[in-house]
**Student:** 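Quick one: the structure is below, and I'll ask about it shortly.
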Amino acid sequence: MEEDCKLRRWDELIPDALGLIFKNLSLQEILTVIPRVCKSWGTAVAGPYCWQEIDIEQWSQNCPPETLDRVLRMLITKSSGSLRKLCVTGLSSQQSFSFIADHAKSLQILRLPRSEISHSIVEEVAGRLSSITFLDVSYCRNIGAPALEVIGKHCKSLAWLRRTMHPLEVAEKLSQDDEASAIAATMPKLKQLEVAYLLISTEGVLKILGSCLELELLDMRGCWNVKLDDNFLKKFSRLKVVGPFVVDYLGMKGLDNCSTYSGSSGYLPWDFVAGEMDDYLDDELSEGDWDDDQSVEDVEMRFYNRFDFEDTAFDWPLSP
């Protein structure tokens, strides 16, 4: 009995601790279950503690643009300026990108693959993304060298850039060496660079290697015009080069925390942390963020029902 008295009640845990625990649950559970357990849990979920890292990359693959825009704004607002990581795919609204930048004072990791962002919006908001250290603009067809140059000039702490393309998306281009030049000229602190299937030449890669002296990983799988001599690469003792040949790509995923590498054809996995969302306070649903008759639960159930894990690899080749 005396031992039981020393145990701390779950509903008495501080909100920060509860937020860390709830991050291990699914988005649906955080949305529909946790707020109904008790008042303290509902309050913790309603605050910024669960929203410092928002990963809705998988869900957003099959999400209607208007729903994605509305949910994204809700989640970012909940972070109350403490957002450190945001992962979302297929962002089609320029206004949403601007909204992200307006709340990016603490943002370090930003993944926006397959988004419809443009040169003009990048030029407009890049100055508000100065704290970014990791940026993923893979499969973003509407940007190129000018946008990368603006990003490099404003994001001085950028250490990791992912700019992977699909072969069919660059089939009509003659060269993307201008992107390599923009990276070399403005991103000297890069440690990891992924430019798989970008139409760059040996000259473009040499510019990058000559400027990005801290580079530890260069992924240039599918960059068939690049020819680097093995003896030349020995000068870069810390550098791991992947490609240009693609080996066993069906079993490869991207990487997040990369410190060791297994071989020239190897690739380390990145993790997908389930994003979280909730608009609850106390034990009742709050519908204030929705303009129509549709409830938050309805939207959440709809996009979970739409998601098919068997179809997640909807592209060829797989995103690194």
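Values in this document were obtained by computation on a predicted structure and should not be read as measured data.
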**Student:** Flag the pair Glu179 and Arg163 as a salt bridge only when some basic side-chain nitrogen lies within less than 4.0 angstrom of an acidic carboxylate oxygen.
**Tutor:** yes

**Student:** Pair Asp177, Ser201 - check side chain to side chain donor-acceptor pair (under 3.5 Å), show working.
**Tutor:** CA-CA 7 Å; Asp177 270 343; Ser201 66; 2.6 Å; yes

**Student:** Counting only heavy atoms not in Glu203, do more than 12 fall under 6.0 Å of its CD?
**Tutor:**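 Not buried by this count: 12 neighbours or fewer within 6.0 Å.
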
**Student:** Take Asp178 and Leu148, measure what side-chain contact (heavy atoms from CB on, under 4.5 Å) needs, and give me the verdict at the end.
**Tutor:** CA-CA 10 Å; Asp178 57 342; Leu148 292 179; over 6 Å; no

**Student:** Are Phe232 and Leu193 co-members of a hydrophobic cluster defined by side-chain heavy atoms under 4.5 Å apart?
**Tutor:**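 Both belong to a single hydrophobic cluster.
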
**Student:** If every non-hydrogen atom of Pro65 is compared with every non-hydrogen atom of Ser92, which pair is closest and at what distance?
**Tutor:**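 Result for this residue pair: CB-OG, 3.4 Å.
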
**Student:** For Arg111 and Glu57, work out which heavy atoms get closest and say how close.
**Tutor:** CD-OE1, 3.7 Å

**Student:** Taking all non-hydrogen atoms of both residues, which atom of Arg114 and which atom of Cys140 are closest, and how far apart?
**Tutor:** N-SG, 4.0 Å

**Student:** Can you check whether Arg162 reaches Gln192 side chain to side chain, under 4.5 Å on heavy atoms?
**Tutor:**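 They are not in contact (no side-chain heavy atoms under 4.5 Å apart), so the answer is no.
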
**Student:** So, Lys207 versus Ser181: side-chain donor-acceptor pair below 3.5 Å or not?
**Tutor:**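 There is such a pair between these side chains.
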
**Student:** Closest heavy-atom contact between Val125 and Ser98?
**Tutor:**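 That would be CG1-CA, 3.9 Å.
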
**Student:** Atom OG of Ser79 and atom CD1 of Ile54: how far apart are they, to the nearest 0.5 Å?
**Tutor:** 5.5 Å

**Student:** Side-chain contact test, heavy atoms from C-beta onward, threshold under 4.5 Å: evaluate it for Leu135 versus Ile151 and give yes or no.
**Tutor:**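 Counting from C-beta outward, Leu135 and Ile151 do come under 4.5 Å.
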
**Student:** Quick check for you: to the nearest 0.5 Å, what is the distance between Leu198 atom CG and Met220 atom CE?
**Tutor:**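 Going from CG on Leu198 over to CE on Met220, the span is 12.5 Å.
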
**Student:** What I'd like to find out is whether the side chain of Glu169 reaches to under 4.5 Å of the side chain of Tyr139, using heavy atoms alone.
**Tutor:**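 Yes. Closest side-chain heavy atoms under 4.5 Å.
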
**Student:** Do the side chains of Glu116 and Arg141 get close enough for a salt bridge, i.e. N-O under 4.0 angstrom?
**Tutor:**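 A salt bridge is present here (some side-chain N lies under 4.0 Å from a carboxylate O).
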
**Student:** Between Asp219 and Val195, is any pair of side-chain heavy atoms under 4.5 Å apart?
**Tutor:** no

**Student:** Would you say Ile56 and Leu68 make side-chain contact, with heavy atoms under 4.5 Å?
**Tutor:**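 SC-SC contact between Ile56 and Leu68 confirmed.
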
**Student:** I'd like to check Leu83 versus Trp51 (side-chain heavy atoms, cut-off strictly below 4.5 Å). Are they in contact?
**Tutor:**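 In short, these two side chains do not touch, never coming nearer than 4.5 Å.
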
**Student:** Look at the rings of Tyr197 and Trp224 and say which category their plane angle falls in: under 30° parallel, 30 to 60° tilted, over 60° perpendicular.
**Tutor:** perpendicular

**Student:** Measuring from atom CG of Leu129 to atom CD1 of Ile100, what distance do you get when rounded to the nearest 0.5 angstrom?
**Tutor:** 8.5 Å

**Student:** Side chains of residues 101-108: which donor-acceptor partners sit under 3.5 Å, not counting sequence neighbours?
**Tutor:**
unit_1: Asp102; atom_1: OD1; unit_2: Arg128; atom_2: NH1; d: 2.1
unit_1: His103; atom_1: ND1; unit_2: Phe99; atom_2: O; d: 2.9
unit_1: Ser106; atom_1: OG; unit_2: Gly81; atom_2: O; d: 3.2

**Student:** Of the non-hydrogen atoms in Glu194 and Trp160, which two are nearest, and what is the gap between them?
**Tutor:** OE2-NE1, 2.9 Å

**Student:** Tell me yes or no: between the side chains of Ser118 and Gln94, is some donor less than 3.5 Å from an acceptor?
**Tutor:**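 The answer is yes; a qualifying pair exists.
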
**Student:** If you count the non-hydrogen atoms of other residues, nucleotides and ligands that lie under 6.0 Å from CG in Asp230, is the total more than 12?
**Tutor:**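 No, not enclosed.
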
**Student:** Okay, side chain of Ser211, backbone of Ile208: is any donor-acceptor separation there less than 3.5 Å?
**Tutor:** no

**Student:** Who passes salt bridge (Lys or Arg N to Asp or Glu O under 4.0 Å) against Lys153, sequence neighbours left out?
**Tutor:**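 Salt bridge (Lys or Arg N to Asp or Glu O under 4.0 Å) list for Lys153, sorted by chain: Glu149.
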
**Student:** Are Leu161 and Met187 side-chain neighbours, meaning at least one heavy-atom pair lies under 4.5 Å?
**Tutor:** yes

**Student:** Can you name the nearest heavy-atom pair linking Phe134 to Asp136, along with the distance?
**Tutor:**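 Of all heavy-atom pairs spanning Phe134 and Asp136, the closest is CE2-CB, 4.0 Å.
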
**Student:** Any non-hydrogen side-chain atom of Ile143 less than 4.5 Å from a side-chain atom of Val122?
**Tutor:**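 Of all side-chain heavy-atom pairs linking Val122 with Ile143, at least one is under 4.5 Å.
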
**Student:** Please lay out, stage by stage, how Trp59 and Val71 fare under the test side-chain contact (heavy atoms from CB on, under 4.5 Å).
**Tutor:** CA-CA 11 Å; Trp59 163 71; Val71 169; 3.8 Å; yes

**Student:** Can you list the steps and then say if Ile200 with Val226 is a side-chain contact (heavy atoms from CB on, under 4.5 Å)?
**Tutor:** CA-CA 7 Å; Ile200 56 177; Val226 177; 4.2 Å; yes

**Student:** How far does CD1 of Ile117 sit from OG of Ser93, to the nearest 0.5 angstrom?
**Tutor:**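 So the CD1 of Ile117 and the OG of Ser93 are separated by 12.0 Å.
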
**Student:** Roughly how far, to the nearest 0.5 Å, is the CG atom of Leu75 from the CG atom of Leu86?
**Tutor:**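 Result: 9.0 Å between the selected atoms.
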
**Student:** Could you give the distance from OG1 (Thr89) to CG (Asn62), rounded to the nearest 0.5 Å?
**Tutor:** 10.0 Å

**Student:** Membership question, hydrophobic clusters at under 4.5 Å side-chain separation (ILVMFWY): are Leu213 and Leu228 in the same one?
**Tutor:** no

**Student:** I would like to know whether Arg73 and Gln95 meet side-chain contact (heavy atoms from CB on, under 4.5 Å); could you show each step before the answer?
**Tutor:** CA-CA 10 Å; Arg73 286 172 178 263; Gln95 291 75 21; 3.5 Å; yes

